[in-house]
Amino acid sequence: MLEKAYDPKATEDHIYKMWEQSGAFKPESCDPKGEPFTISMPPPNATGQLHLGHAVMLALEDIFIRFARMQGKRVLWVPGTDHASIATEAVVIRKIQKEEKIADPRKTLGREKLVMRIKQFVEESRSTIRNQVRKMGASCDWSRERYTMDPALARTTTEVFVDMYKKGVIYRGFRMVNWDPKLQTTLSDDEVVYETRSEPFYTFQYGPFQISTSRPETKFGDKYVVMHPKDARYKKYKHGDTFEAEWINGPVRATVIKDEAIDMEFGTGVMTITPWHDHTDFEIAGRHGLEKEQVIGFDGKLLEIAGEFSGMKIEEARPLIVEKLEKKGLLVSMVQAQEHNVAISSRGGGLLEPQIKLQWFIDVNKEVVPWPSPLPVRQAGLALLPKGEGKRLMSLKQILHSVVHHKDIEIIPERFEKTYFHWIDHLRDWCISRQIWWGHRIPAWYRGSEMYVGVTPPEGDGWEQDSDTLDTWYGVSQWTWSTLVDPEKAKDSKLSLEQILEQSPDFQTFHPTAVMETGYDILFFWVARMILMTTYATGQIPFKTVYLHGLIRTRDGRKMSKSDPDTMIDPLDMIAKYGADALRLSMIVGQSPGADSRLYEEKIAGYRNFINKLWNASRFVLLQCEQAKIDPQSIEKLPEAALLSLADQAALHASEILVEEVTKGLESYDLSATGEKLYSFVWDFFCDWYLELSKGTANCAVLVHVLRRVLRLLHPYCPFVTEELWSSVRPKAAGALISERWPTTKQERRNQKAFDDLQRVIDIISTIRRLRAEQNVEAGKKVSVFLFSKKCAELLLSQAEHIKRLAHLEVLSIDAKSGQQKNSASAFLSDIEVHLSLEGLFDPAKLKESLSREQADLTKYVQIQTTKLSNKNFVDRAPKELVKGEKAKLAEAKEKLGKIGERLRQL
RNA sequence: GGGCAAUUAGCUCAGCUGGUUAGAGCGCCACAUUGACAUUGUGGAGGUCACAAGUUCGAAUCUUGUAUUGCCCACCA
């Protein structure tokens with residue numbers, strides 16, 4: 001017999017081990033004819049601990065996977081980890097600085113040694129993560145675990161780089177980049193965060209003009225003033241005019257530029273430009289072919305051009321520069337506390353400095369990728385593609401747009417498609433080089449002015465490899481397919497990438513993947529980039545569905561952050577305390593895709609209670625079997641329907657409906673509502689009514705049968721407890737629940753009438769209970785039931801035992817012919833139900849209250865009638881005699897409806 | 001500045017294309033309790049569904065507007 005309470009600690013680990021050892025996680029143990037179903041696990045960063053975000057991701061994906069597996073699909077879930085270049089390098093450097101007191105580990109250790117250290121660190125945290133993923137119950141195929149730095153993945157990353165370079169999609173050039181002086185690297189646009197700060201805003205005299213700035217320290221090299229061509233105030237100045245201006249370090253010769261990028265409303269409508277340190281200025285300079293000069297060094301200090309200020313940090317120099325200009329009489333005004341946004345590094349937290357640097361970029365607008373384009377696409381910023389069949393050359397941007405627009409890829413929730421399109425419209429070339437050491441090194445070599453790009457190093461002496469590495473997202477954007485590449489084939493340098501893919505059975509079978517499940521916060525970083533890289537490299541979409549989950553927040557809606565340990569909920573603590581199943585449910589139910597949700601311990605405890613309830617319900621079933629001396633495992637067939645009690649038939653019916661609903665819910669990725677349905681079925685129906693009604697008259701075969709169904713249906717949500725219970729109630733021949741088949745519905749087990757009748761009995765019992773409580777009736781008191789319908793009378797009589805036990809009242813007399821209570825409402829219904837009252841307590845008001853249910857039925861009846869006629873759907877749904885397109889009849893019908901509405905109100 | 005969303009019970013949230021008396025969990029109140037389960041059962045209190053106008057026989061649900069909150073993107077020299 002089972003223990004009195006479910007103990008997840010004593011159960012989960014050995015169950016996981018059993019699954020893993022049985023090979024159930026591998027697609028090879030699925031039906032070889034099954035439809036392939038793949039998920040690539042978003043690789044957690046190899047920087048340490050699993051957090052709630054990962055836990056949600058694992059829970060969701062495990063539900064998808066287990067459901068698909070039970071449906072007989074060939075399921076593959078590929079686990080892995082990400083080397084997370086910048087994040088990991090930063091963590092390790094900080095660690096070394098702290099633990100070994102080395103101020104600058106990069107300098108002291110050098111590239112090779114530092115990379116070794118990072119590798120060691122990554123190994124340790126990878127194994128930590130592996131165990132944590134197991135704790136969540138994730139049924140992924142560990143034999144196919146991948147890591148973004150695996151040789152095979154390094155190969156594909158490099159191959160694709162070289163290919164893109166050869167096609168001109170990757171180029172190297174001087175461009176404006178987001179430079180992080182603290183981490184000494186560039187960042188992609190998406191790695192920049194903006195912070196609103198209040199800083200003084202200065203206006204200076206510059207020749208005949210007044211110009212405003214919040215960054216006087218960049219102004220040393222300014223020798224162009226820009227204004228809008230239509231600005232009437234500056235009509236007398238022509239494009240190209242020059243003038244002398246007294247400036248910070250003496251007189252400069254400046255040129256007038258007219259450009260439409262200027263906002264006439266802002267400030268004086270004139271500005272000087274600093275093309276080297278500002279995105280807009282860079283573009284203006286580009287348009288007019290202006291000179292660019294660097295003012296601030298990559299270390300964040302002023303360069304020689306700053307004269308006496310050179311070598312100073314910006315914060316020191318700024319007030320001094322202003323002071324000097326003021327002394328020269330050039331300061332016109334200064335507004336304290338002007339609000340503006342400053343660019344901050346999301347990686348290191350320091351201020352970013354726009355800089356011009358020689359970097360590697362992906363051109364998102366070059367039309368070089370063959371892609372099937374069956375339909376014309378016209379969207380903001382994209383050209384209309386000609387109609388036609390077959391493939392045509394498209395730019396990466398166009399492909400990104402097309403695959404979502406044409407629903408090759410579906411995003412859940414749908415509204416994120418808008419966000420996605422909006423992002424594409426503003427997408428600029430992607431800077432993929434990073435000046436850090438940890439990561440895939442850029443496969444380019446230089447010798448003097450020569451450059452070589454290739455998978456293998458060039459022949460000959462004197463070549464030096466580019467010291468930069470690739471943006472993490474570049475490599476990991478190939479994740480869905482590079483993880484399916486056969487590592488042995490990838491070793492063979494004679495094979496081309498195309499041949500490797502052709503000869504990798506996993507890729508051929510399991511790609512494109514079915515679902516990509518991840519947080520909406522990395523839709524741009526990663527999801528979009530996966531589409532970009534994968535369509536380019538393989539000619540396939542990476543996944544068919546994108547399911548985006550929201551952030552998990554604290555009870556009061558704050559973000560959980562490491563800096564505030566009180567707000568953090570550690571998934572492992574919660575598993576230790578409440579079990580993985582409870583944690584999973586608490587994160588899934590009540591969480592709708594794309595929306596943030598809040599998590600707190602009481603919630604998890606609530607689901608722990610549910611798990612325990614299920615456990616005890618199973619205990620009860622087993623107990624009944626034991627008492628009846630029946631071995632639950634030997635139960636196979638159900639008795640004839642005619643031999644079953646009302647409750648048994650109703651329970652079978654309800655479980656059939658449940659199978660249908662849960663299947664539909666899971667297929668449409670509606671996990672929250674489906675979870676709730678299961679919860680309420682188990683607790684509110686199975687435990688509260690069916691098991692109660694079974695006491696004394698238990699039919700073990702039906703009990704076991706329904707319980708087995710519930711366990712199967714619940715297994716994707718709470719795999720551990722269901723698997724454990726399964727071992728007690730499964731049919732002898734069956735194996736582990738994880739590999740069991742999803743239940744199918746059987747029409748012959750449907751019995752809507754039995755279900756309705758039971759519902760009626762439940763209603764009656766509830767009403768009696770309520771009346772008893774309100775009137776404070778002692779147990780054993782009699783109840784009289786007045787009926788309008790003979791059928792109901794029979795029903796009540798047949799359930800008298802249950803009413804006696806559950807409502808503590810005896811059904812004494814049935815008066816099948818007391819029609820005197822008829823009211824106007826009853827004219828609508830042919831089969832009016834039950835009234836009841838308590839003997840000696842007959843109170844017309846109470847009676848009326850108990851009648852309200854019938855009125856509700858009546859209202860429903862009428863309302864269903866009116867729905868059919870509601871004008872919006874009139875033509876579709878109205879009864880035939882009312883349609884025929886005749887307006888008079890429509891008006892008549894509407895009038896009828898008005899009357900019905902009126903009567904309803906009277907009721 | 002552009003976009004996306006949210007506002008329902010004390011708290012956390014459901015409520016699909018308009019249709020029974022607006023639901024659940026937690027919390028609260030009362031009662032119960034000796035064989036599935038105190039990680040329990042039964043009953044109850046608690047909501048002018050942010051506000052206003054409109055469409056409709058009928059609106060939490062649709063339309064428009066207002067207010068508040070949150071997020072994303074762009075970025076102001």
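Hydrogens, waters and symmetry mates are skipped; everything else that's a heavy atom, side chains included, is used. Letters A, B, ... are given to chains in the order of the sequence lines, protein chains preceding strands, and every chain is numbered from 1.
When each of rA36(B), rC76(B), rC37(B) is scored by its nearest atom to the side-chain atoms of Phe620(A), the top-ranked nucleotide is rA36(B). In this structure, the nucleotide among rC75(B), rA77(B), rC37(B) sitting nearest to the side chain of Ile262(A) is rA77(B). When distances are taken from the side chain of Asn609(A) to each of rU42(B), rA77(B), rU39(B), the shortest belongs to rU39(B). The side chain of Ala617(A) lies closest to rA36(B) when the candidates are rA36(B), rC73(B), rG35(B). Across rC4(B), rC37(B), rA77(B), the shortest atom-to-atom separation from the side chain of Lys219(A) is found for rA77(B). Here the side chain of His422(A) is nearest to one of rC71(B), rC73(B), rC37(B), namely rC73(B). Residue Asn616(A) places its side chain closer to rC37(B) than to any other of rC37(B), rC71(B), rU42(B). The side chain of Thr213(A) approaches rA77(B) more closely than any other nucleotide in the set rU42(B), rU39(B), rA77(B). The side chain of Arg415(A) lies closest to rA5(B), out of rG35(B), rA5(B), rC37(B). The side chain of His426(A) lies closest to rC73(B), out of rC75(B), rC73(B), rA36(B).
Arg233(A) has a carboxylate O that lies under 4.0 Å from a charged side-chain N of Asp231(A), or vice versa, which qualifies the two as a salt bridge. A salt bridge is defined here as a Lys NZ or Arg NE, NH1 or NH2 lying under 4.0 Å from an Asp or Glu carboxylate O, and Glu601(A) with Arg555(A) fails to meet this definition.
Heavy atoms of Glu3(A) sit nowhere under 4.0 angstrom from any nucleic acid atom. Residue contacts shown for Ser618(A) are absent, as no nucleic acid heavy atom lies under 4.0 Å away. Contacts of Thr280(A) with the nucleic acid, taken as non-hydrogen atoms under 4.0 Å apart, involve only primed sugar atoms and P, OP1 or OP2. Backbone-only engagement by Asp688(A) is indicated by non-hydrogen atom pairs under 4.0 Å involving sugar-phosphate atoms exclusively. At the heavy-atom level, Asp278(A) lies under 4.0 Å from the strands shown only through sugar-phosphate atoms. Residue-level contact check: Lys677(A) touches neither bases nor backbone, having no heavy atom under 4.0 Å from any strand. Looking at heavy-atom distances under 4.0 Å, Phe610(A) makes no contact with the nucleic acid at all.
More than 12 heavy atoms of other residues, nucleotides or ligands lie within 6.0 Å of CD in Gln627(A), so this atom counts as buried by the packing criterion.
The side chain to side chain donor-acceptor pair (under 3.5 Å) test applied to His277(A) returns no partner, not counting sequence neighbours. Annotation: side chain to side chain donor-acceptor pair (under 3.5 Å) contacts of Tyr224(A) (sequence neighbours excluded): none. For Arg708(A), the side chain to side chain contact (heavy atoms under 4.5 Å, CB included) test picks out Ile635(A), Val704(A), Trp726(A), Val729(A), Pro731(A), with sequence neighbours left out. Taking Thr268(A) as the reference, nothing meets the side chain to side chain donor-acceptor pair (under 3.5 Å) condition, with sequence neighbours excluded. Among residues two or more places apart in sequence or in another chain, the side chain to side chain donor-acceptor pair (under 3.5 Å) test is passed with Asn178(A) by Asp189(A).
In terms of position along RNA chain B, the nucleotide closest to Gln627(A) lies nearer the 5' end than the nucleotide closest to the other residue of the pair Gln627(A) and Tyr6(A). Between Trp423(A) and Lys4(A), the one whose closest nucleotide on RNA chain B sits nearer the 5' end is Lys4(A).
For Lys613(A) and rC37(B), a side-chain-to-base donor-acceptor distance below 3.5 Å is present, hydrogens and geometry of angles not being considered.
Rounded to a whole Å, the CD atom of Glu661(A) is 15 Å from the P atom of rC16(B). In this structure, CG of Leu599(A) is placed 13 Å from C1' of rG25(B), rounded to the nearest angstrom. Nucleotide rU39(B) holds its P atom 8 Å from the CZ atom of Arg608(A), rounded to whole Å.
Taking atom C1' in both rG15(B) and rG47(B), the straight-line distance is 14 Å, to the nearest Å.
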For a quick test of your reading: what N or O donor-acceptor pairs under 3.5 Å do the side chains of residues 671-688 of chain A make, sequence neighbours left out?
{"from": "Ser672(A)", "atom 1": "OG", "to": "Gly590(A)", "atom 2": "N", "distance (Å)": "2.8"}
{"from": "Thr674(A)", "atom 1": "OG1", "to": "Asp670(A)", "atom 2": "O", "distance (Å)": "2.6"}

Residues 612-622 of chain A side chain polar contacts: donor-acceptor under 3.5 Å, at least two apart:
{"from": "Asn612(A)", "atom 1": "OD1", "to": "Tyr6(A)", "atom 2": "N", "distance (Å)": "3.1"}
{"from": "Trp615(A)", "atom 1": "NE1", "to": "Glu3(A)", "atom 2": "O", "distance (Å)": "2.9"}
{"from": "Asn616(A)", "atom 1": "OD1", "to": "Arg619(A)", "atom 2": "NH1", "distance (Å)": "3.2"}
{"from": "Asn616(A)", "atom 1": "ND2", "to": "Asn612(A)", "atom 2": "O", "distance (Å)": "3.2"}
{"from": "Ser618(A)", "atom 1": "OG", "to": "Leu614(A)", "atom 2": "O", "distance (Å)": "2.9"}

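In RNA chain B, runs of at least 3 stacked Watson-Crick or G-U pairs (N1-N3 plus N6-O4 or O6-N4, or N1-O2 plus O6-N3, all under 3.5 Å) give these stems: B:1-7 with B:67-73, B:10-13 with B:23-26, B:28-32 with B:40-44, B:50-54 with B:62-66.
Proximity of a side-chain donor or acceptor of Asp596(A) to a complementary backbone N or O of Gly550(A) within less than 3.5 Å is not detected.
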Could you run down the sub-3.5 Å N/O contacts of the protein with nucleotides 9-15 of chain B?
{"from": "rU12(B)", "atom 1": "OP1", "to": "Arg598(A)", "atom 2": "NH1", "distance (Å)": "3.1"}
{"from": "rU12(B)", "atom 1": "O4'", "to": "Tyr600(A)", "atom 2": "OH", "distance (Å)": "3.1"}
{"from": "rU12(B)", "atom 1": "O2'", "to": "Lys603(A)", "atom 2": "NZ", "distance (Å)": "3.4"}
{"from": "rC13(B)", "atom 1": "OP1", "to": "Arg598(A)", "atom 2": "NE", "distance (Å)": "3.4"}
{"from": "rA14(B)", "atom 1": "OP1", "to": "Ser592(A)", "atom 2": "OG", "distance (Å)": "3.3"}

